[in-house]
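Taking it in order: structure first as structure tokens, then the write-up.
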Amino acid sequence: MSVAMVTGASRGLGRALAAELAARGWDLVVTARGARALAETASELARAPGVRVTAVAGDVSSAEHRRALVAAARALGGLDLLVNNAGVLGTEPLVTLAAQPLDGLREAFEVNVVGPLGLVQEALPLLREAGAGAGAGAGAVLNISSDAAVVAYGTWGAYGATKAAGDLLSAVLAVEEPALRVWWADPGSMRTRMMAAAEPGEDLAGLPAPEEVAPVLLRLVTEGLPSGRYTARGLGVTAAGAGAGEPAAEPGTEPGAGGRR
């Protein structure tokens with residue numbers, strides 16, 4: 001049985017990714033800050049036949065919490081996939097850099113950059129040991145990125161800076177750990193609480209739900225695509241239109257091809 005860890009799993013994209021993995025038979029370690037919402041999510045995930053779910057509430061910026069998460073994965077038998085999805089905006093709603101609270105910027109870097117890297121460091125022994133799992137081959141890391149990492153959107157500077165840093169760390173990790181699959185993926189704009197908090201006046205009705213995006217992103221896992229940067233849009237277009245023998249999605253991105261979370 002393959003084991004995945006998903007951070008920020010109590011709602012939005014994290015919850016949708018965890019649900020997709022559970023439906024495909026993966027055992028799960030899930031985490032989020034809110035204990036009650038996480039427990040409710042874990043209860044729903046555990047309804048999948050034969051799936052074991054361990055919920056560990058806490059903040060990924062805490063080293064103690066990261067150790068507890070990896071210990072939970074070890075108790076399930078190891079770790080095949082780490083999904084670094086948890087993230088914060090730095091301030092809600094978003095503001096210009098001139099008005100950006102520096103404490104919020106520090107928190108965003110701790111949660112969006114330091115926490116994921118610390119979790120990768122803690123989990124690397126298990127990821128290196130991972131065998132074949134659900135088509136992914138060796139251990140894999142999926143870091144959730146954003147179009148704001150590569151496009152200069154007004155008011156998205158602080159959040160985008162953290163995602164740009166995460167993209168570079170992901171790219172370097174892929175070089176330094178060639179036996180692993182490392183993906184950094186932009187899911188595009190979605191109907192999420194985070195997006196609503198970022199831009200309260202925006203109409204999100206036309207955006208896809210996380211449940212529509214999650215299975216597209218999981219093509220990275222099920223098809224064992226090469227390490228690189230992907231967008232949900234690119235993966236979805238390829239799924240609909242690529243012929244036999246054509247490459248899946250080009251590792252890389254074009255500004256504007258994805259979207260903000």
Side-chain angles (χ1 to χ4, degrees), residues 1-9 12-30 41 44-53 73 76-85 116 119-120 123 126-145 170-171 173-174 177-188 190 208-253 257-258 261:
M1 182 71 75
S2 299
V3 179
M5 181 186 300
V6 183
T7 70
L13 181 62
R15 181 170 179 161
L17 287 168
E20 282 288 329
L21 288 165
R24 299 171 193 211
W26 286 68
D27 289 332
L28 293 166
V29 176
V30 292
T41 295
E44 292 185 10
L45 295 173
R47 294 174 187 170
V51 169
R52 298 174 295 169
V53 181
L76 289 178
L79 185 63
D80 300 278
L81 172 65
L82 168 60
V83 181
N84 278 313
N85 166 76
L119 196 49
V120 166
L126 294 183
L127 291 168
R128 287 167 175 161
E129 293 170 4
V141 178
L142 170 56
N143 291 326
I144 300 303
S145 184
S170 301
L173 180 65
E177 298 287 338
L180 303 184
R181 300 294 178 99
V182 183
W183 308 295
W184 47 113
D186 167 18
M190 298 173 289
E211 291 76 15
E212 298 173 70
V213 176
V216 176
L217 291 184
L218 286 183
R219 285 191 58 222
L220 295 166
V221 179
T222 58
E223 299 179 21
L225 297 182
S227 295
R229 190 179 200 279
Y230 293 83
T231 67
R233 178 181 176 184
L235 288 165
V237 167
T238 303
E246 291 185 23
E250 187 69 22
T253 186
R261 289 178 69 194

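Given the structure is predicted, the values throughout are model-derived calculations rather than measurements. Residue numbers count from 1 along this sequence.
Of all heavy-atom pairs between L21 and A4, the closest is CD1-CB, 3.8 Å. Between L225 and W183, the shortest heavy-atom distance links the atoms O-NE1, 2.8 Å. When all heavy atoms are compared, the tightest approach of A174 to S227 is CB-CB, 4.0 Å. Residues A232 and P187 come closest through the heavy atom pair CB-O, 3.4 Å. Closest approach of L126 to A73, counting heavy atoms only: CD1-CB, 4.2 Å. Minimum interatomic distance between A140 and L127 (heavy atoms only, all atoms of both residues): O-CD2, 3.7 Å.
Looking only at distances, a side-chain donor or acceptor of D80 sits under 3.5 Å from a matching main-chain atom of V3. Without hydrogens or angle criteria, E212 side chain to A209 main chain gives a donor-acceptor distance under 3.5 Å.
Taking A18 as the reference, V6, L28, V30, L45 meet the side chain to side chain contact (heavy atoms under 4.5 Å, CB included) condition, with sequence neighbours excluded. The side chain to side chain contact (heavy atoms under 4.5 Å, CB included) check on A48 picks up A22, V51, with sequence neighbours excluded. Applying the side-chain hydrogen bond (donor to acceptor under 3.5 Å, both in side chains) rule to E211 yields no partners; only residues at least two apart in sequence or on another chain are considered. In this structure, the side-chain hydrogen bond (donor to acceptor under 3.5 Å, both in side chains) partners of N84, at least two apart in sequence or on a different chain, are N143. Every residue two or more places apart in sequence or in another chain that forms a side chain to side chain contact (heavy atoms under 4.5 Å, CB included) with R52 is listed here: D27, L76.
Atom CZ of R24 and atom OG of S2 lie 12.5 Å apart (nearest 0.5 Å). Of the inter-residue distances, the one linking E20 atom CD with L217 atom CG reads 10.0 Å to the nearest 0.5 angstrom. Taken from CG in D186 to CZ in R233, the straight-line distance is 10.5 Å, to the nearest 0.5 Å.
Tested against L142, the residues L220, L82, N85, V182 include a single side chain to side chain contact (heavy atoms under 4.5 Å, CB included) partner, L220.
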Step-by-step side chain to side chain contact (heavy atoms under 4.5 Å, CB included) determination, L119 to M5: CA-CA 10 Å; L119 196 49; M5 181 186 300; 3.9 Å; yes
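Considering only heavy atoms from C-beta on, V53 stays 4.5 Å or farther from T41 through its side chain. For the pair V141/E177, no side-chain contact is recorded, criterion being any heavy-atom separation below 4.5 Å from C-beta on.
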